[in-house]
Amino acid sequence: MIRMRAEHNDKEICSLEEVSLHQQNIEKIEHLDRWCRNLKILYLQNNLIPRMENLGHLKKLQYLNLALNNIEVIENLEGCESLEKLDLTVNFVGRLSSVERLKHNPHLTELFLVGNPCTKFQGYREYVVVTLPQLKWLDGAKISRSERIRACQRMEELKGGLQEQEEEHVRRRQRERQEAHIKESRGVTSTPTSPSEQELPADRFWNTPCEFSPESRVEAHRHLEEKQRAEENKGKKPKAPRTLVTAEGRPLNINEPKFPCHFLSLRPHRHMDTSLMDVDVQPTFARVTVKGKIFQVVLPAEVKPDSSVAHRSQTTGHLLLTMSRVGPGRLLPLTAGIDPAPMTSTAGIDPAPMTPTAGIDPTPMTTAGIDPAPMTTAGIDPAPMTTAGIDPAPMTYYKKLTKSK
């Protein structure tokens with residue numbers, strides 16, 4: 001998703017400075033602190049994010065928009081040293097004391113908390129103005145010097161009332177969570193008994209009043225997802241079951257990802273993350289699962305799964321499987337552009353011994369006008385098999401393969 005949103009930067013995410021991930025139904029912030037260290041502007045509004053996390057390594061971040069999410073506590077922004085503007089409009093921040101954690105952001109000048117429960121507390125604005133002396137704008141209104149002086153004078157008498165209001169909000173949220181949990185458990189366990197209950201109108205969900213809370217937002221999102229999924233599957237025919245092994249136990253060659261392949265060559269997309277791949281080696285076949293799609297190939301010889309290893313090139317993204325053959329023989333590599341069968345069979349030459357009855361002169365080959373020099377002088381690369389067609393860049397260790405039970 002991040003790479004798709006980086007079209008303005010030629011889809012390069014390491015040097016990305018601005019990205020918009022709004023309205024993507026995101027439920028957790030992840031990977032940004034590792035993939036996009038140079039981000040300066042980040043839009044995450046109108047999602048389902050419950051926590052502010054995995055943002056501490058964005059040292060250059062200047063503007064963070066988390067409006068219309070399910071955030072209840074301000075946290076984990078101490079590492080955003082360059083943060084200048086933070087937008088938390090229409091969230092569920094009720095612990096006003098969590099604002100103190102923004103003291104570690106000395107460049108923060110604008111803060112938006114409009115639509116949060118804490119804005120209804122008596123003395124809310126005065127508390128924020130005093131707690132964050134670096135602020136210049138709060139909820140779109142400029143903080144004057146006289147306002148800051150008056151807030152400092154009233155701070156002592158407001159502290160007690162603010163603490164009581166915050167504790168009351170915490171107790172109310174605990175009751176709402178318990179009610180939502182009970183409602184969810186009843187919805188899962190209860191089954192309709194009468195035909196009238198089974199044919200309830202779809203709009204009953206939207207006509208039922210409920211509290212505006214993080215749980216109600218998530219429930220509405222789940223309802224919309226189910227409705228959309230039902231509409232998409234309405235006119236589709238069910239897919240045939242996936243067959244990986246025949247009834248006789250013989251594995252099949254499969255290429256669902258439709259990766260370019262030649263003989264037993266597998267070339268995943270260069271920018272595809274290695275965590276999206278899963279490799280499984282069995283004695284008679286090798287299987288690579290990429291984002292739920294299976295690439296399976298039958299091996300020409302039996303191998304040892306326990307001693308098999310997978311590597312991936314950091315430059316080209318090519319995948320290399322090294323498998324030990326059962327019995328005498330060398331390693332059986334599954335590489336890009338290399339046929340893992342023995343060299344004598346891939347060259348189109350019959351590996352059986354030549355006999356005079358096959359119409360071949362039984363005299364030595366050197367008398368037939370063939371250069372008696374080693375084959376490496378006939379234009380064949382003497383490098384090992386694993387280097388033919390494989391990028392010489394360093395291979396990253398991918399995963400230790402074990403035999404499936």
Side-chain angles (χ1 to χ4, degrees), residues 1-6 8-9 11-119 124-125 127-143 148 166 214 273:
M1 182 194 302
I2 299 175
R3 196 175 299 281
M4 291 176 59
R5 294 284 178 166
H8 60 284
N9 199 44
K11 293 190 177 181
E12 293 185 3
I13 60 177
C14 60
S15 60
L16 196 62
E17 295 186 354
E18 178 179 347
V19 64
S20 179
L21 299 173
H22 64 285
Q23 297 181 347
Q24 297 296 318
N25 299 326
I26 299 173
E27 298 186 18
K28 183 179 180 180
I29 303 175
E30 53 186 355
H31 304 309
L32 289 173
D33 58 335
R34 294 187 290 110
W35 296 348
C36 310
R37 293 288 184 93
N38 296 316
L39 272 182
K40 294 182 179 180
I41 301 176
L42 177 58
Y43 297 98
L44 287 168
Q45 67 268 29
N46 203 0
N47 284 292
L48 300 170
I49 301 171
R51 289 192 60 196
M52 304 169 67
E53 55 186 345
N54 299 323
L55 296 171
H57 294 292
L58 302 179
K59 305 295 183 182
K60 301 179 182 180
L61 187 64
Q62 298 176 359
Y63 176 35
L64 175 60
N65 192 330
L66 284 167
L68 294 167
N69 278 284
N70 296 342
I71 296 172
E72 299 187 54
V73 179
I74 301 174
E75 57 185 348
N76 300 324
L77 293 179
E78 293 83 357
C80 301
E81 302 171 353
S82 305
L83 188 62
E84 298 177 0
K85 184 177 180 180
L86 176 61
D87 193 345
L88 293 171
T89 302
V90 190
N91 274 273
F92 299 91
V93 179
R95 298 192 177 185
L96 188 58
S97 58
S98 63
V99 174
E100 295 184 1
R101 298 175 184 176
L102 296 177
K103 289 181 178 180
H104 302 282
N105 304 99
H107 301 288
L108 183 65
T109 57
E110 293 185 62
L111 176 64
F112 290 87
L113 291 171
V114 178
N116 286 272
C118 64
T119 59
Y124 144 76
R125 186 174 176 88
Y127 177 83
V128 177
V129 168
V130 174
T131 305
L132 303 176
Q134 73 272 31
L135 275 187
K136 296 181 180 179
W137 297 81
L138 176 60
D139 296 336
K142 189 174 182 179
I143 302 174
R148 197 179 297 276
E166 182 175 323
D273 192 81

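Treat the numbers as computed from the prediction; the structure is a model and nothing was measured.
Counting all heavy atoms, side chain and backbone alike, Ile74 lies closest to Ser98 at N-OG, 3.3 Å. The shortest heavy-atom contact between Leu108 and Gln134 is O-CG, 2.9 Å. Residues Glu166 and Ser97 share a closest heavy-atom pair of OE2-OG, 2.9 Å. Taking all atoms of both residues into account, the shortest heavy-atom contact from Thr89 to Asn91 is O-ND2, 3.3 Å. Across all non-hydrogen atoms, the minimal contact from Thr119 to Gly115 is OG1-N, 4.3 Å. The minimum heavy-atom distance between Leu61 and Tyr63, with the atom names listed, is CD1-O, 3.6 Å.
Note that CG of Asn25 is 8.5 Å distant from CG of Asn46, once rounded to the nearest 0.5 Å. Note: His57 NE2 to Cys80 SG = 10.0 Å, rounded to the nearest 0.5 Å. Interatomic distance, Leu86 CG to Thr109 OG1, rounded to the nearest 0.5 Å: 11.0 Å. Note that CD of Glu17 and NZ of Lys40 are 4.5 Å apart. Values are rounded to the nearest 0.5 Å. Once rounded to the nearest 0.5 Å, the distance linking OG of Ser82 with CD of Gln62 reads 6.5 Å. To the nearest 0.5 Å, the span separating CD1 on Ile49 from CG on Asn70 amounts to 9.0 Å.
In this structure, Arg3 contributes its side chain and Ile13 its backbone to no donor-acceptor pair below 3.5 Å. The main-chain N or O of Leu21 is found under 3.5 Å from a side-chain atom of Asn47 such that the two form a donor-acceptor pair. For Asn76 (side chain) and Met52 (main-chain N/O), a donor-acceptor pair under 3.5 Å exists by modelled atom type. Judged purely by atom type and a 3.5 angstrom limit, Asn38 uses its side chain to pair as donor or acceptor with the backbone of Cys14. With Asn54 contributing its side chain and Asp33 its backbone, the two residues share no donor-acceptor pair below 3.5 Å. Remark: side-chain polar atoms of Asp87 are not paired, donor with acceptor, to backbone N or O of Ala67 under 3.5 angstrom.
Asn116 and Tyr124 share no donor-acceptor pair across their side chains, judged by distance under 3.5 Å alone. With 3.5 Å as the limit, one finds no donor-acceptor pair spanning the side chains of Tyr43 and Gln23.
The shortest side-chain heavy-atom distance between Lys103 and Leu132 falls under the 4.5 Å cut-off. Side-chain contact between Glu78 and Arg101: present, with at least one pair of heavy atoms (C-beta onward) separated by less than 4.5 Å. Residues His22 and Leu68 are not in side-chain contact: their nearest non-hydrogen atoms beyond the backbone lie 4.5 Å or more apart. The shortest distance between side-chain heavy atoms of Cys36 and Ile2 falls below 4.5 Å. Put simply, the side chain of Leu102 reaches to within 4.5 Å of the side chain of Leu77, judged on heavy atoms. Leu42 places a side-chain heavy atom less than 4.5 Å from the side chain of Leu55. Residues Ile29 and Arg51 are not in side-chain contact: their nearest non-hydrogen atoms beyond the backbone lie 4.5 Å or more apart.
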Intermediate values then yes/no, salt bridge (charged side-chain N to carboxylate O under 4.0 Å, His left out), Glu72 and Arg95: CA-CA 7 Å; Glu72 299 187 54; Arg95 298 192 177 185; over 6 Å; no
Evaluation steps, side chain to side chain contact (heavy atoms under 4.5 Å, CB included), between Arg37 and Lys59: CA-CA 7 Å; Arg37 293 288 184 93; Lys59 305 295 183 182; over 6 Å; no
Trace of the side chain to side chain contact (heavy atoms under 4.5 Å, CB included) decision for Leu58 with Leu83: CA-CA 9 Å; Leu58 302 179; Leu83 188 62; over 6 Å; no
